[in-house]
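So the structure is just underneath, and the comments pick up after that.
Numbered from 1 within each chain, the chains take letters A, B, ... in sequence-line order. These numbers come from the heavy atoms of this one structure, side chains and all, not from hydrogens, waters or symmetry mates. Please read these numbers as outputs of a predicted model, since none were measured by experiment.
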Protein chains: 2
Amino acid sequence: MPTPARTSRRDIVAAGRDLVEAEGLEGLTMQRVATAVGVRAPSLYKHVSSRGALVKLIVEDVVADLAASLEGRGRTGDAGDDLAVLATVFRDFARAHPETYRLIFSPLPEDWRPDPDRLAEASRPVLEATTALAGSDRALDAARTVTAWAHGFVSMELADAFRLGGDVDRAFGFGVASLVDALSRSVPAR
Amino acid sequence: MPTPARTSRRDIVAAGRDLVEAEGLEGLTMQRVATAVGVRAPSLYKHVSSRGALVKLIVEDVVADLAASLEGRGRTGDAGDDLAVLATVFRDFARAHPETYRLIFSPLPEDWRPDPDRLAEASRPVLEATTALAGSDRALDAARTVTAWAHGFVSMELADAFRLGGDVDRAFGFGVASLVDALSRSVPAR
DNA sequence: ACCTGAACACCGTTCAAGT
DNA sequence: ACCTGAACACCGTTCAAGT
């Protein structure tokens, strides 16, 4: 006689994401997720195949939210301003969800990694802005430069790795301005 | 009656570091470390206070090696060239020790983090180069921009996050050249 | 002074048994 | 069809007992 499901993959992913945000990835245990959704740990395996698979679902959920935050934010008419806006939205997302942001850029085992298409979706707005700013020949290199800088900056900020004093907000502004400046010029001389 | 030590903190850190490099942080179990140094797990606690403390010692060991690699490499006479050399040494280090590189930039629990002084030591060569390139007023902002970019680039490369094709080496060269270009100019106009 | 086996409180995961 | 308790093979860590 069938039993109605007492939980769902959706609930499990949401509960898992909350757990990660609250306690980090190591706080994500199957037992705690189970308690959060009102079930025993073994029952989770009817909905997700393993803890790793759950991590992957959580990562994809977070990446989708990040993509949605960036979507349509680079449309001021000035490609340099667009890039600055995108960088700020990106940084704000990271600060609003520090643990899950860390998670999506963590070195995860192969089978826990999100579908590459989801990542491509999140990076499209940046690519559009760099195309406008630096030309289509240089757009990919330029997007990689900006993305690397933004991710590096934000992850160092979250890791509390800027320890030499100074104004971190100013350093962020300085970084965007320098990049926009460099990318809007013709090919560097070196 | 005293027993002579069958292992040492030094051996334990070295064995732990090898384990992390070979299998990632989650491969670092006290039991495996113990086996590697020829002892049982409980004995390790005579030499390190916890697994977290061992992780911290490993991180500090890796950071010291990174600092040594960078030391004295930014001295060509041209500050732009210096920065390019430092970036390349940094990237080579990451590719030579991918797992331990990841570890030192991982979001670690507070008490597992290395002594800030060790990190400052590793970043000094960059700060010297940006001082020469951008002037002392802008040196810190410039160093943060370069460091963020380099770390972001390398960590995305290691995470296999550059999935849109193109030449990753060229993107790295493009990034350094753009940054050097921007930082060697006067204050950006934005 | 260091090393050990036994024990404790946890993990993730499997599986037969319940409804 | 989903949920459960019991079990298995692991963890990190503590501690009394050995040398």
When you check every protein heavy atom under 4.0 Å of nucleotides 13-18 of chain D, what one-letter string (B, S, -) results, 5' to 3'?
BBB---
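- For the salt bridge (charged side-chain N to carboxylate O under 4.0 Å, His left out) test, no residue two or more places apart in sequence or in another chain qualifies with B/Arg73.
- Taking every side-chain heavy atom of B/Thr29 into account, D/dC11 is the closest of C/dC2, C/dG12, D/dC11.
- Judged as a salt bridge (charged side-chain N to carboxylate O under 4.0 Å, His left out), and not counting sequence neighbours, B/Glu121 has no contacts.
- With sequence neighbours left out, the side-chain contact (heavy atoms from CB on, under 4.5 Å) criterion links B/Arg17 to B/Ile58, B/Asp61, B/Val62, B/Asp65, B/Thr100.
- For B/Asp169, the side-chain contact (heavy atoms from CB on, under 4.5 Å) partners two or more places apart in sequence, or in a different chain, are B/Arg91, B/Arg95, B/Asp167.
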Show which side-chain atoms of residues 170-177 of chain B pair as donor or acceptor with protein atoms under 3.5 Å away, not counting sequence neighbours.
| unit_1 | atom_1 | unit_2 | atom_2 | d |
| --- | --- | --- | --- | --- |
| B/Arg170 | NE | A/Asp141 | OD2 | 2.9 |
| B/Arg170 | NH2 | A/Asp141 | OD2 | 3.1 |

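- Here B/Ser43 lies in heavy-atom contact (under 4.0 Å) with a base.
- With sequence neighbours left out, B/Ser49 forms a side-chain hydrogen bond (donor to acceptor under 3.5 Å, both in side chains) with no residue at all.
- Between the side chain of A/Arg118 and the backbone N or O of A/Ala67, no donor-acceptor pair lies under 3.5 Å.
- Among the protein residues, A/Leu28 comes within range of the sugar-phosphate backbone only, with heavy atoms under 4.0 Å from sugar or phosphate atoms but none that close to a base.
- Contacts between residues 11-25 of chain A and DNA chain D, counted as heavy-atom distances below 4.0 Å, involve no residue at all.
- Legend: residues meeting side-chain contact (heavy atoms from CB on, under 4.5 Å) with A/Arg163, ordered by chain and number and at least two apart, are B/Arg113, B/Pro116, B/Leu119.
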Can you give the donor-acceptor pairs under 3.5 Å from side chains of residues 32-45 of chain B to other protein atoms, not counting sequence neighbours?
| unit_1 | atom_1 | unit_2 | atom_2 | d |
| --- | --- | --- | --- | --- |
| B/Arg32 | NH1 | B/Glu23 | OE1 | 3.0 |
| B/Arg32 | NH1 | B/Glu23 | OE2 | 3.2 |
| B/Thr35 | OG1 | B/Gln31 | O | 3.0 |

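- Taking atom CZ on A/Arg32 and atom P on C/dC11, their separation rounds to 6 Å, with Å as the unit.
- Under 4.0 angstrom from either OP1 or OP2 of D/dA1 there lies no side-chain N or O belonging to A/Arg6.
- In this structure, A/Arg40 places its CZ atom 17 Å from C1' of C/dG12, rounding to the nearest Å.
- Applying the side-chain contact (heavy atoms from CB on, under 4.5 Å) rule to B/Ser106 yields the partners B/Leu108; only residues at least two apart in sequence or on another chain are considered.
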Determine which bases of DNA chain C form Watson-Crick or G-U wobble pairs with both distances under 3.5 Å, and write the result as a 5' to 3' dot-bracket string with | for other-strand partners.
||.|||||...|||||.||
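- With rounding to whole Å, A/Leu44 atom CG is found 13 Å from C/dC11 atom P.
- Among the nucleotides C/dC3, D/dC3, D/dC11, the one closest to the side chain of B/Lys46 is C/dC3.
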